[in-house]
Visitor: 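My questions will all concern the structure given below.
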Number of protein chains: 2
Amino acid sequence: MSTIRTVERAIQIIQVISQHPSGIGINALAAELALAKSTVSRLVATLEQHDVVQRTELGKYAIGNAPIQWVSQRSYSDVLSVRALPVLQHIAAETGEACTLCVLDGNNVLYLQQMQSQQDIQVRDWTGAQLPLHVTSAGKVLLAYASKTHLDDYLSNPITAYTKHTVTDSAMLNAQLASIRQQGYSYVSQEHAEGIVGIAVPVYNKRNIVIAALCIYGPEFRFDKTTIEATVALMKEQAEKLVG
Amino acid sequence: MSTIRTVERAIQIIQVISQHPSGIGINALAAELALAKSTVSRLVATLEQHDVVQRTELGKYAIGNAPIQWVSQRSYSDVLSVRALPVLQHIAAETGEACTLCVLDGNNVLYLQQMQSQQDIQVRDWTGAQLPLHVTSAGKVLLAYASKTHLDDYLSNPITAYTKHTVTDSAMLNAQLASIRQQGYSYVSQEHAEGIVGIAVPVYNKRNIVIAALCIYGPEFRFDKTTIEATVALMKEQAEKLVG
DNA sequence: AGAAGTGTTCCATTATATGGAACGCAAATG
DNA sequence: CATTTGCGTTCCATATAATGGAACACTTCT
């Protein structure tokens, strides 16, 4: 199937512009794409006329509002997943463990996206699945930062045990949540499945509101104290990159 | 400044596709844009190759992931504002009052976007401003659905009076917040400025997490009981359209 | 089986997009 | 101050890239 060169060039221009949040000029674009200035100028003018890109205060070009309208029928979760993919890939590569992004969905944690471990012993891919909040590291993070309504509602229901390690006492659970809020991460050991542990950190928007949880999990024997500490540090650092 | 017709056509195609979340075919696109099928097929193939659009399970074309990556450096608030603009415009037109979208920002409410009333007596445009949570209708909605951490933190600070109507007693404020949670909206009368009242409803994401507040405000003499009820109904209906 | 519907490929045509050079303006430099 | 540098825009000759009509290939429906 043949493609249209002019449109490909426009797409390349949009991509480069999108990687410069504070803006980029015609000359730099032309240099980066090895195109004539005049060609780039006309292409950018077309994109600007349709609000695909916009002028910044410094006269550079940045992403405009039209692409936001284009994705407006895609769900926030889709948006969050696509944005998170590079971060998930990086963490999974660095740690060698499965890394996943989760959001609060009613009384469950919803697994939006998972990058799988490449090791011989793997955990299951939970993408698209929902699990109860109180037995997973991501779920506990989301519960720790949930609204009062949500927390009260969750604790008003019976808390089901999944393993002999599951914390089902609401006072103990509340103490866990307070600890998570204080240390900024959760470590959950075998509360959902024997032999599986998880670490999760909150993902904030730029106003310090928790919007998701970033989580890795794997077999318990791969998580000693040093690994946990290094992993938490990495995950906190990477969660910062999702701040928007 | 001359523009590039081929790129304009591609942009038009993206726009039409973006208005069909469940997908649209080549023939329908060609009919809507009055272009040859073969032209549209090639343009769409180019967009598909770059993940600007993607095939649905039914073989139709919908928005792809590339535009999501393009907007990934735009803040979530930008994204929310652009998405909300049509809704704000509609509410402002229907009610004749100023309509605004707000998010929680630390211990303040941040006004992201406001559509102004066209009446002779107007309220101030607060876009970009931050006001304390406890004196505004949007702020009270956001506080009502805030995390336990946030609510506790807010109430641990002195609650400042702005008018003689401001509720500064934390027990009374908590009762207001409980009422808001129960009725699903807030009505705040002259707690921030004499003569100004506001109505706000929560904006949920598709998982019933409150992410913003939709608010209108105006001079008190324009808000009788019937107006308030009609306004609340309209705003709840319109807030549903922001669900993503 | 034939009709209808979908999107793709082919090919002759031409007009549209291109790139080099000149231009206009603003900011920086000596 | 005059000159240089840097920015993006406009002009124009050219050729090739994009176009659209028609045929094609495949699937679904009657």
Side-chain angles (χ1 to χ4, degrees), chain A residues 1-67 70 73-74, chain B residues 1-67 70 73-74:
Chain A
M1 166 55 69
S2 68
T3 56
I4 312 290
R5 189 181 68 166
T6 301
V7 172
E8 297 203 288
R9 286 179 163 176
I11 291 169
Q12 284 173 330
I13 286 173
I14 300 172
Q15 278 169 347
V16 172
I17 287 178
S18 76
Q19 286 154 5
H20 293 79
S22 55
I24 183 172
I26 300 288
N27 287 353
L29 276 171
E32 180 151 352
L33 297 167
L35 295 176
K37 276 200 301 182
S38 54
T39 298
V40 171
S41 186
R42 276 190 302 269
L43 287 165
V44 168
T46 307
L47 296 172
E48 186 185 6
Q49 189 175 84
H50 294 271
D51 205 21
V52 178
V53 302
Q54 66 190 358
R55 279 283 182 95
T56 68
E57 287 163 356
L58 300 181
K60 308 289 186 182
Y61 293 93
I63 281 287
N65 290 339
W70 295 345
Q73 300 298 326
R74 294 285 296 268
Chain B
M1 164 58 67
S2 67
T3 56
I4 313 288
R5 190 182 68 165
T6 302
V7 172
E8 298 203 288
R9 284 178 166 178
I11 291 168
Q12 284 173 331
I13 287 173
I14 301 173
Q15 279 169 349
V16 173
I17 288 177
S18 76
Q19 286 154 7
H20 293 79
S22 54
I24 182 171
I26 300 288
N27 287 355
L29 276 170
E32 180 151 353
L33 296 168
L35 294 176
K37 276 201 297 183
S38 53
T39 298
V40 170
S41 185
R42 278 190 301 269
L43 287 165
V44 169
T46 307
L47 296 173
E48 187 185 5
Q49 190 176 81
H50 294 271
D51 205 23
V52 177
V53 303
Q54 66 189 355
R55 279 285 180 93
T56 68
E57 287 163 356
L58 300 181
K60 307 289 186 183
Y61 293 92
I63 281 288
N65 290 340
W70 295 344
Q73 301 297 328
R74 293 287 296 269

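Hydrogens, waters and symmetry mates are skipped; everything else that's a heavy atom, side chains included, is used. Every chain is numbered from 1, with letters handed out A, B, ... down the list of sequences. Computed from a predicted model, the values in this text were never measured in an experiment.
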Visitor: In whole angstroms, how far is the P atom of C/dT8 from the CD1 atom of B/Ile26?
Guide: 6 Å

Visitor: Separation of A/Ile24 atom CD1 from D/dG6 atom P, in whole Å?
Guide: 17 Å

Visitor: Distance-only, no hydrogens or angles: does the B/Ser41 side chain make a donor-acceptor pair with backbone N or O of B/Ser38 under 3.5 Å?
Guide: no

Visitor: Could you tell me whether the phosphate oxygens of C/dT16, OP1 or OP2, come under 4.0 Å of any side-chain nitrogen or oxygen in B/Arg9?
Guide: no

Visitor: Using whole Å, what does the distance between atom P of nucleotide C/dA17 and atom CD1 of A/Ile4 come to?
Guide: 11 Å

Visitor: Please evaluate residues B/His50 and B/Leu47 with respect to the criterion side-chain contact (heavy atoms from CB on, under 4.5 Å), reporting the C-alpha separation (whole Å), side-chain torsions for both, the decisive distance (0.1 Å), and the verdict.
Guide: CA-CA 5 Å; B/His50 294 271; B/Leu47 296 173; over 6 Å; no

Visitor: Using the rule side chain to side chain contact (heavy atoms under 4.5 Å, CB included), only one of B/Ile14, B/Leu29, B/Ile13 pairs with B/Leu43; which is it?
Guide: B/Ile13

Visitor: Out of D/dA17, D/dT19, C/dG19, which nucleotide sits closest to the side chain of B/Arg5?
Guide: D/dT19

Visitor: Could you tell me whether B/Thr6 contacts a base, only the sugar-phosphate backbone, or nothing, with contacts defined as non-hydrogen atoms closer than 4.0 Å?
Guide: sugar-phosphate

Visitor: DNA chain D: A/Asn27 or A/Val7, which has the more 5' nearest nucleotide?
Guide: A/Asn27

Visitor: For A/Glu8 and C/dT18, give me the distance from atom CD to atom P, rounded to whole Å.
Guide: 12 Å

Visitor: A/Lys37 has an atom NZ; how far is it from atom C1' of C/dG24, in whole Å?
Guide: 12 Å

Visitor: Measure the distance from CG on A/Leu35 to P on C/dG20 and round it to the nearest whole Å.
Guide: 11 Å

Visitor: Tell me whether the side-chain N or O atoms of B/Arg42 pair up with the base of D/dG20 as donor and acceptor below 3.5 Å, since no angle test is needed here.
Guide: yes

Visitor: For the backbone of B/Ile63 and the side chain of B/Gln54, can you confirm whether one donor and one acceptor N or O come within less than 3.5 Å of each other?
Guide: yes

Visitor: Roughly how many Å is it from CG in B/Leu43 to C1' in D/dG20, rounded to a whole number?
Guide: 12 Å

Visitor: Do any N or O atoms from the side chain of A/Arg74 and from the backbone of B/Gly64 form a donor-acceptor pair under 3.5 angstrom?
Guide: yes

Visitor: Which nucleotide, C/dA17, C/dT8, C/dT18, lies nearest any side-chain atom of B/Ser41?
Guide: C/dT8

Visitor: Would you kindly check whether a donor in the side chain of B/Ser38 faces an acceptor in the base of C/dG7, or vice versa, at under 3.5 angstrom?
Guide: no

Visitor: Roughly how many Å is it from CG in A/Leu58 to P in C/dA26, rounded to a whole number?
Guide: 17 Å

